[in-house]
Amino acid sequence: MSLVLALTLACGDKDTDGTTTDSTPEGDADTDADADTDTDTDADTDVPVSDAAGNIDLRDGTLTGSVAIQKAFSFSSENAVFVYASSNPDATCDTLTAVFDKEISDPDPTSLFTPGHCNLTLSKVGGMELESYDLQTDSGATVNATCAYGDGSWEYESGGDAGYYWSGEYYDAGAWKGTLNMLWHDEGAESMVLDVSLKEWEGTFPYSDERTGEHKASGSVKGRIYTEWCEGLENLGIF
């Protein structure tokens, strides 16, 4: 599975009941302090600096990853909202648009990821604003994490399923426990602000023949995410 397909699946809709249950509560402890909100402003975009941060670690203890959101991009319509939040300060709307554009052959996603870190995506059906949303009890929105674990790199592979693949272990997981809200930060500039408090994850390793099936992860990801408007995301199927 190439990165383009993996990310496309990550922005799909949630099950209609919007709930996920877990019979193993281990790893549920939340020991991180809440991240302070940040009102500093990025000189290039006039969008305040995001401070959402934390960790997403496999429950079996074999892999650990950090979240430190540096850049975030969004697009919304009356039908849906999509947000991509990257832990790489070099991420750009152009690179993100290229990765999701089916007309562009094998875009290089390197600048979207930082080794050992995870990125976040949020998809929501319907209008923009979202208040006091609980992932376990509410429906209509999903939060996903994509983690480039380890010290790997994005390498191109040719063949029948050509594309870029992470040389380390790549985890694609949905958050099933936590809360969030999403409001306009600057409606004129169409930027958004999200407050997230996420705890539990479940997903797969789409590039691995060894880590098959579902794998659970735990870790507290908290803080605020400010987005930049990214017009190129309008071509995503959810809109």
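Note that these values count all heavy atoms, side chains included, but never hydrogens, waters or copies made by symmetry.
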In Å, rounded to the nearest 0.5 Å, how long is the span from CG of L183 to CD of E131?
-> 5.5 Å
Looking only at heavy atoms, which two atoms of G65 and D57 are closest? And how far apart?
-> N-OD1, 3.1 Å
Stepwise side-chain contact (heavy atoms from CB on, under 4.5 Å) test for Y226 and V193 | CA-CA 5 Å; Y226 293 96; V193 56; 3.6 Å; yes
Mind running side-chain hydrogen bond (donor to acceptor under 3.5 Å, both in side chains) on Q70 and S87 for me, showing each step along the way?
-> CA-CA 5 Å; Q70 303 293 312; S87 291; over 6 Å; no
Are any side-chain N or O atoms of S208 and backbone N or O atoms of E210, one a donor and one an acceptor, separated by less than 3.5 Å?
-> yes
Non-hydrogen side-chain atoms of D172 and N144 separated by less than 4.5 Å | yes
Using modelled atom types only, decide if a donor and an acceptor are shared between the side chain of S86 and the backbone of L112 within a distance under 3.5 Å.
-> yes
Would you check if the distance from the ring center of W229 to the ring center of F75 is below 6.0 Å?
-> yes
Would you name the heavy atoms of Y164 and P107 that are closest together and state the gap between them?
-> CD1-O, 3.3 Å
Looking only at heavy atoms, what is the nearest atom pair of A217 and I56, with distance?
-> CB-CG2, 3.9 Å
Side-chain touch V196/V143, heavy atoms, less than 4.5 angstrom | no
Within a strict 4.5 Å, meaning less than it, do heavy atoms of the L194 and T227 side chains meet?
-> yes
Sequence neighbours excluded, the answer for side chain to side chain contact (heavy atoms under 4.5 Å, CB included) partners of A85 is I69, A72, L120, I225
N119 side, atom CG; T114 side, atom OG1 - distance, nearest 0.5 Å | 7.5 Å
Mind checking side chain to side chain contact (heavy atoms under 4.5 Å, CB included) for E214 and listing every partner two or more places apart, or none if nothing turns up?
-> E202, T204
Measuring from E200:CD to Q136:CD, what's the distance to the nearest 0.5 Å?
-> 9.0 Å
Residue set satisfying side chain to side chain contact (heavy atoms under 4.5 Å, CB included) with N181, at least two apart, ordered chain then number -> D195
Who pairs with H215 by ring-ring contact (aromatic ring centres under 6.0 Å, His included), at least two apart in sequence or on another chain?
-> F205
Just wondering, do Y84 and T121 contact through their side chains at under 4.5 Å, heavy atoms?
-> yes
Which atom names give the shortest non-hydrogen contact between D108 and W154, and what distance separates them?
-> OD1-CB, 4.5 Å
Scanning both residues in full, the closest heavy-atom pair of P115 with G152 reads CG-O, 3.9 Å
Could you tell me whether W176 and W201 have their ring centroids closer than 6.0 angstrom?
-> no
Side chain to side chain, Y149 and H117, heavy atoms closer than 4.5 Å = no
Side-chain heavy atoms of M192 within contact of S76, under 4.5 Å = yes
Which residue pairs satisfy the disulfide (SG to SG under 2.5 Å) criterion with at least one member in residues 47-137, sequence neighbours excluded?
-> C93-C230, C118-C147
Using the test ring-ring contact (aromatic ring centres under 6.0 Å, His included), find all partners of F73 that sit at least two apart in sequence or belong to another chain.
-> none
Applying side-chain contact (heavy atoms from CB on, under 4.5 Å), run through E190 and W184 and close with a yes or a no.
-> CA-CA 7 Å; E190 299 175 308; W184 289 112; 4.1 Å; yes
Please tell me if the side chains of L233 and L96 come closer than 4.5 Å, counting only heavy atoms from C-beta onward.
-> yes
Between the side chains of T62 and D60, is a donor N or O closer than 3.5 angstrom to an acceptor N or O?
-> yes
Closest non-hydrogen atoms of P48 and H185, given as atom of the first, atom of the second and distance, are CD-CE1, 3.3 Å
Could you check R211 against L63 for side-chain contact (heavy atoms from CB on, under 4.5 Å), going step by step and ending with a plain yes or no?
-> CA-CA 12 Å; R211 291 184 184 270; L63 294 172; 3.9 Å; yes
Within a strict 4.5 Å, meaning less than it, do heavy atoms of the N88 and F113 side chains meet?
-> no
Rounded to the nearest 0.5 Å, what separation is found between the CG atom of D106 and the CD atom of E157?
-> 11.0 Å
Nearest 0.5 Å please: distance from the CZ atom of R59 over to the OG atom of S218.
-> 4.0 Å
Are the aromatic rings of F100 and F82 close, with centres under 6.0 Å apart?
-> yes
Say you draw a straight line from OG of S153 to OH of Y165; how long is it, rounded to the nearest 0.5 Å?
-> 15.0 Å
